[in-house]
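These notes concern the structure reproduced below.
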Amino acid sequence: MTDFDESTPRSAPKPGSIAARAMAARGSQSPDYLAGLNPEQRAAVETTEGPVLVLAGAGTGKTRVLTTRIAHIVSTGRAWPSQILAVTFTNKAAREMKTRIGLLLGGQVEGMPWLGTFHSIGVKILRRHAELVGLKSNFTILDTDDQIRLIKQLIQAENLDDKRWPARTFANMLDAWKNKGLEPANIPEGDARAFGNGKGRELYKAYQDRLKSLNACDFGDLLMHPIAIFRAHPDVLADYHRRFRYILVDEYQDTNVAQYLWLRLLAQRSALQTATGGEGETDPFDDTGPRAIDDDPDAHDGMWDDEASPAEAAEGSPPAGSDDAGRAVDRKGQPPRINICCVGDDDQSIYGWRGAEVDNILRFDKDFPGATVIRLERNYRSTGHILGAASHLIGHNEDRLGKTLFTDHPDPDDPKVEVNAGWDSEEEARAIGEAIEDLQRREDHDLNDMAILVRASFQMRTFEDRFVTMGLNYRVIGGPRFYERMEIRDAMAYFRCVCQPADDLAFERIVNTPKRGLGDATIRLLHDYARARGVPLIAAAMQMVETEELKPKPRNTLRRVVTDFLRWSELLPNTKHTELAEQILEESGYTEMWQNDRSAEAPGRLENLKELIRSMEEYESLPSFLEHVALVMDTEQNAEMDAVSIMTLHSAKGLEFETVFLPGWEEGLFPHQRSLDEGGRSGLEEERRLAYVGITRGKRRVKIWFVSNRRIHGLWQSTIPSRFLDELPEAHVDVMEANTSYGGYGAGGFGAYGSSRWDGAAAFNEGAYKTPGWRRAQAAKAGFAEGGAGQPGGRGGDGWSGGRSREIDYDAGASGARAGRGHNQPARQGLGLHASARRGGPREIEGELVAKSVSTDQSRFDAGDRVFHLKFGPGTVALVDGNKLTVDFDKAGQKRVLEGFVESA
DNA sequence: ACCAACTTTATTTTT
DNA sequence: TAAAGTTGGT
């Protein structure tokens, strides 16, 4: 592929300039930025008019199409950058688009003001029209923490038991409703009744009222409020209609109903035909609000200063070359066509559980009649084998539009997708660790180009443990984020109180942090006082300390707090914000609190606070910093050191790596049992898409693993291979045979069973004791006495620093030679290993150390019996509890196991 | 108001 | 198992 940077002229023609127009009119000679696009990509870029759906498979140049399209629109004079609405889901995606457009347009055009996440654009709109939904333009945005505390108060206010009705649960329900665009009046009756003794709807209303009185909104409201405004105020909506000549949406398959409604309103409802997708009487598409959104551009003008497109604004006459295809911008009075371009991939829709509606993308052409649908199937990322495997797998899904990825460069020498079997998760981690070192040593493979993608984050731990003992650099991506840390939130709460004296939630958070002796009782009184007078807590506190209503001790403490805040507020306008922030943390005693804390995390927290102040440098004021943080809960992280990435499949979407390891392909884990239970067939399909996303992250090598034993919730479960393995095409897959002995028993294994360890275990499950696998397992018994089931080194290294990832850095080359390197060879078998008869739920085979109660249920074993266990070998029964045995194993120590998994010996 | 013992509950995550 | 949340005692 040609690089943009090289093919793009140093300085793009100024939009609207003669040069730009000339360029647009050039016709046959295409501008440089189009060079290097394949025909489909080019069509996606050049079809600027009318609704367009670009189905962009993994690795087909989706972002390139989006950015080039914007550059095209701008440099052909179709619109100013400020007339283009471009929405993404994540800040990261928005950032990337901004930089890439900057490169394309040669930096001559100011950054696009309407390129951002749904939420950040939502805030922008809402700040403009806040009063239309009863807010002030300086409203605050609650984070989940505040939200939950607020809900808890409401639940208590309703005299409900806040244990029976957890605030968190209600927060989730709220989120789901708002994702669907449902206001209190529209929520399904069943939902309303399901919470708080049928008070669901009342609570929702009370919650919204409370937000309004706090001049606050939650994330969902950033979409809900604009929708409400657009519906109730056609004049406002019409302004946006005139402004946004082109709309672009990234990752359209991830849009939820609210986002869909929001987009549909902006893209002009009146031109849309049908509204499908809602279920039942609470159809979100058919509720309140003015339906007719007929544009009436003459009713109001002057809101935007640049309503004409560059071409129109260009001096002189109407744009030259009126034959110039599809100039969308009509004269005033005629509603423009819908120039909406949605880019997405139905096969990568993995956020259904979060409210995403794959349906949005599946029915695009019904929503936007006459839509042009363009498929991008030419993949520039992966080998033919990887694409073949991924395509075949995803072919098992029914709900899809259907695409098949292909590559122009199939190479017979490319490695096939590998499937490996392991005994348990520790062996899996060990073998993957060895494979990584192998690649590093033999192929000079950068660790940065390798990733381990897991289904659930608990799987990460085994890898961390293993890599720590190996001294292998790794990086965990995801997990707790910087701005979600307690100390950061506390500090932010202080800042919020200073900038927003009405921010009660922030105030409540820190009145007694550090501990000042202002307990529940005092706060309750303060609350009542504030409520009675209808003033914010800080204001109430100010008044209250002048009265006799509080006992002298808390009164004086509270007075101190209040005067502190007053002082800081006065300093706000004239003090450098970073200095003020430091001063606040210092004078409030917050820093001191952590300095006096003797716990292990305290130094890290202080470090994080420093980092917080440091990151404030980039902003010009405290308020602007707060605004940023509310929406961008993300910090950039250093990619400097060479390290293997460990992350979930979800967070891997959009990334690519030379080599990808996919462990844990077992029924119950992947596909996850819960998806199956709760989502049925569509749940399974989403899991399959997740598998597809995983495989398509790999550029050259994809190595899949499954194990026969995994510890879940502290219990060992016997597992069977994922059905997805059966769905891989033999032609593109190698089934590997583990041939390792791991340098002896001490390393944790107890000898090699060969390729069929897992099928031995599976056979065991089904009671089919006569299979070859079982016989091998029996044979292994004999050799067991010599072996041991010791554990490899323990967990160490907790010195990871802030940010949204933790990293462990070892000196390069610290990992010396180890005994027993693993060698994998293709097995003789094909993929027919996983007979469907072996499928079934995972079974519990072993448990915790000590039984809690002894029941009198009969068991075929008694204390003192000698038994044999497939994983732990021979042992003596110490305790019988129903069907659970506590066994002292000769080599593995005392374990609790289900009796079905031991044999009399 | 604070800490220790007990119980509960364990996907996926952005804004 | 292990982390988080809750209860009950000081």
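Keep in mind the model is a prediction, meaning the values are calculated, not measured. Proteins get letters first, then strands, A, B, ... in listed order; numbering begins at 1 in each. Side chains included, hydrogens not; waters and symmetry mates left out as well; all remaining heavy atoms used.
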Notebook entry, point to check: Are any of A:Arg481's side-chain N or O atoms less than 4.0 Å away from OP1 or OP2 of B:dT13?
Noted result: no
Next item on the list: Could you state the atom-to-atom distance from CG of A:Asp145 to C1' of C:dG5 in whole Å?
Entry: 14 Å
Next item on the list: Between B:dT13, B:dT11, B:dT15, spot the one nearest the side chain of A:His650, thanks.
Entry: B:dT13
All N/O pairs under 3.5 Å across the protein-nucleotides 1-5 of chain B interface:
from, atom 1, to, atom 2, distance (Å)
B:dA1, OP1, A:Gly519, N, 2.7
B:dA1, OP2, A:Asp520, N, 3.3

Checklist line | Polar side chain donor-acceptor pair, A:Asp162 to A:Gln156, under 3.5 angstrom | finding: yes
Item checked: Side chain of A:Arg461 - closest among B:dT13, B:dA10, C:dA2 -> C:dA2
Check: To the side chain of A:Ala456, which of B:dA10, C:dA3, B:dT12 is closest?
Finding: B:dT12
Notebook entry, point to check: In chain order, what residues pass the salt bridge (Lys or Arg N to Asp or Glu O under 4.0 Å) check against A:Glu428, with sequence neighbours excluded?
Noted result: A:Arg710
Margin query: With the stacking rule set at 5.5 Å and 30°, tell me whether A:Trp353 counts as stacking on B:dT12.
Written below: yes
Next item on the list: Quick one: closest heavy-atom pair of A:Ala429 and A:Phe463, and the distance?
Entry: CA-CE2, 3.6 Å
Next item on the list: Walk me through it: do A:Tyr351 and A:Asn256 pass the test side chain to side chain donor-acceptor pair (under 3.5 Å)?
Entry: CA-CA 9 Å; A:Tyr351 286 111; A:Asn256 60 35; over 6 Å; no
Next item on the list: Using the C1' atom on both, measure C:dT6 against B:dT11 and round to a whole Å.
Entry: 24 Å
Check: How close or far is atom P of B:dT13 from atom CZ of A:Arg354, stated in whole angstroms?
Finding: 9 Å
Margin query: Rounding to an integer number of Å, can you tell me how far A:Leu690 CG sits from B:dT13 P?
Written below: 10 Å
Check: Taking only residues two or more places apart in sequence, or in another chain, which ones meet A:Arg689 in a salt bridge (Lys or Arg N to Asp or Glu O under 4.0 Å)?
Finding: A:Glu686
Next item on the list: Looking at every strand, decide which applies to A:Asp218 at a 4.0 Å heavy-atom threshold: base, sugar-phosphate, or nothing.
Entry: nothing
Note to self: Going by salt bridge (Lys or Arg N to Asp or Glu O under 4.0 Å), name the residues that satisfy it together with A:Arg681, two or more places apart in sequence or in a different chain.
What the structure shows: A:Glu398, A:Asp399, A:Glu685
Check: Who are the salt bridge (Lys or Arg N to Asp or Glu O under 4.0 Å) partners of A:Arg509, not counting sequence neighbours?
Finding: A:Asp145, A:Asp490
Margin query: For DNA chain B, which residues of residues 115-122 of chain A approach it to below 4.0 angstrom with any heavy atom?
Written below: A:Thr117, A:His119
Check: Whole Å only: how far is the CG atom of A:Leu174 from the C1' atom of B:dT15?
Finding: 15 Å
Margin query: Counting the benzene-type ring for Trp, do A:His672 and A:Trp353 have ring centres under 6.0 Å apart?
Written below: no
Check: Once you round it to whole Å, what is the distance between P of C:dA2 and CG of A:Asp465?
Finding: 10 Å
Note to self: It should be established whether A:Asn91 places a side-chain nitrogen or oxygen under 4.0 Å from OP1 or OP2 of nucleotide B:dT14.
What the structure shows: no
Margin query: Mind checking if A:Glu687 touches a base, just sugar-phosphate, or nothing, with heavy atoms under 4.0 Å?
Written below: base
Item checked: Under 3.5 Å donor-acceptor pair, A:Arg455 side-chain atoms to B:dT12 base atoms -> yes
Note to self: It should be established whether A:Ser675 places a side-chain nitrogen or oxygen under 4.0 Å from OP1 or OP2 of nucleotide B:dT11.
What the structure shows: no
Check: If you measure from the Lys or Arg side-chain nitrogens to the Asp or Glu carboxylate oxygens, is any gap between A:Asp146 and A:Arg496 under 4.0 Å?
Finding: yes
Notebook entry, point to check: What integer distance in Å separates A:Arg688:CZ from B:dT11:P?
Noted result: 23 Å
Check: Tell me: CD1 of A:Ile712 to P of C:dA2, nearest whole Å?
Finding: 15 Å
Next item on the list: Starting at atom CZ of A:Arg689, determine the distance to atom P of B:dT12, rounded to an integer number of angstrom.
Entry: 18 Å
Notebook entry, point to check: So A:Glu508 and A:Gln153, side chain to side chain donor-acceptor pair (under 3.5 Å) or not? Walk me through it.
Noted result: CA-CA 12 Å; A:Glu508 275 171 60; A:Gln153 289 172 12; 2.4 Å; yes
